[in-house]
Amino acid sequence: MATSQLRKGVLDLVVLSSLAAAPAYGGALLERLARHEALEVVAGTLYPLLARLRRAGLLDAHWEESPSGPPRKVYTVTPEGRRRLGELKQEWRSLQGAVEHLVAGAEGVGSQGQE
């Protein structure tokens, strides 16, 4: 359960980062994220997240013809989304540094013998 909560906490950052690198339709984005098994992102999580980010003005979407099948909704990061992505990256680096520091400190305490 704790692992799934950690994943959910970073999905905004992961999705915005991925779409900032290259716009994509939902299925392609899902495939891109699935390459990273630790994320375990499924369609039932991704599509509501995309809708929420779009309502928040962080993503834009437009329809593109598909070479095989119906048109696809392609998501792109808005200028506001890029600003928020910068904030999320900064927050992530700060959190990551604090966690690494605390974990390393805890490991050091555990490796010292008690007298």
Side-chain angles (χ1 to χ4, degrees):
M1 178 153 163
T3 303
S4 69
Q5 291 301 317
L6 286 171
R7 270 189 230 108
K8 286 180 185 178
V10 299
L11 280 181
D12 286 14
L13 172 60
V14 168
V15 167
L16 287 172
S17 293
S18 185
L19 291 174
Y25 64 95
L29 179 59
L30 195 57
E31 288 174 12
R32 199 183 292 172
L33 298 176
R35 291 183 203 135
H36 305 278
E37 291 179 19
L39 293 174
E40 294 184 19
V41 179
V42 296
T45 300
L46 180 62
Y47 287 101
L49 173 64
L50 291 170
R52 181 176 56 77
L53 294 174
R54 189 168 178 219
R55 282 191 309 273
L58 305 179
L59 295 180
D60 197 6
H62 64 276
W63 291 97
E64 283 186 6
E65 291 299 320
S66 168
S68 58
R72 298 171 172 166
K73 187 184 285 189
V74 176
Y75 294 90
T76 57
V77 180
T78 64
E80 178 65 16
R82 290 188 184 278
R83 185 193 65 72
R84 180 65 184 136
L85 175 56
E87 291 173 352
L88 287 171
K89 285 180 178 181
Q90 189 173 21
E91 291 169 10
W92 172 254
R93 288 182 191 113
S94 177
L95 178 62
Q96 181 184 20
V99 169
E100 286 178 0
H101 177 76
L102 290 168
V103 169
E107 288 172 353
V109 169
S111 64
Q112 297 174 0
Q114 293 184 6
E115 297 180 31

When you look at Lys73 and Tyr25, which way does the side-chain contact (heavy atoms from CB on, under 4.5 Å) test go after all the steps? CA-CA 5 Å; Lys73 187 184 285 189; Tyr25 64 95; 5.8 Å; no
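Leu49 is not listed as a side-chain neighbour of Val41, based on a closest heavy-atom distance of 4.5 Å or more. Side-chain contact between Glu100 and Val103 is absent, with no heavy-atom pair separated by less than 4.5 Å. Leu16 places a side-chain heavy atom less than 4.5 Å from the side chain of Leu59.
Here the OG1 atom belonging to Thr45 is positioned 10.0 Å from the CD atom belonging to Glu40, to the nearest 0.5 angstrom. With rounding to the nearest 0.5 Å, the separation of CG in Asp12 from CH2 in Trp92 is 12.5 Å. Here the straight-line distance linking atom CG of Leu53 with atom CG of Leu11 works out to 9.5 Å at 0.5 Å rounding. Atom CZ in Arg35 sits 8.5 Å away from atom OG in Ser18 (nearest 0.5 Å). Note that the CG atom of Leu95 and the CD atom of Gln90 stand 12.5 Å from one another [nearest 0.5 Å]. Taking CZ from Arg32 and CG from Leu39, the interatomic distance works out to 13.0 Å, rounded to the nearest 0.5 Å.
More than 12 heavy atoms of other shown residues, nucleotides or ligands fall within 6.0 angstrom of atom CD in Glu87. More than 12 heavy-atom neighbours from other residues, nucleotides or ligands sit within 6.0 angstrom of CD on Gln96.
A salt bridge links Arg84 with Glu91: at least one charged nitrogen is closer than 4.0 Å to a carboxylate oxygen.
Scanning all heavy atoms of the two residues, the minimum distance from Pro48 to Ala43 falls at CD-O, 3.9 Å. In terms of heavy atoms, Asp60 sits closest to Arg54 at C-NE, 4.5 Å. Of all heavy-atom pairs between Gly26 and Leu46, the closest is O-CD2, 3.6 Å. Considering all non-hydrogen atoms of both residues, Val74 and Pro23 come closest at CG1-CB, 4.0 Å.
There is a path of hydrophobic side-chain contacts, each under 4.5 Å, that joins Val14 to Tyr47. The hydrophobic clustering, which links ILVMFWY residues whose side-chain heavy atoms are closer than 4.5 Å, places Val10 and Leu30 together.
The side-chain contact (heavy atoms from CB on, under 4.5 Å) test with Leu85 singles out one residue from Leu13, Leu58, Val15, Leu19, and that residue is Leu13.
Counting only distance, with no hydrogens or angles, the side chain of Thr78 and the backbone of Gly57 share a donor-acceptor pair below 3.5 Å.
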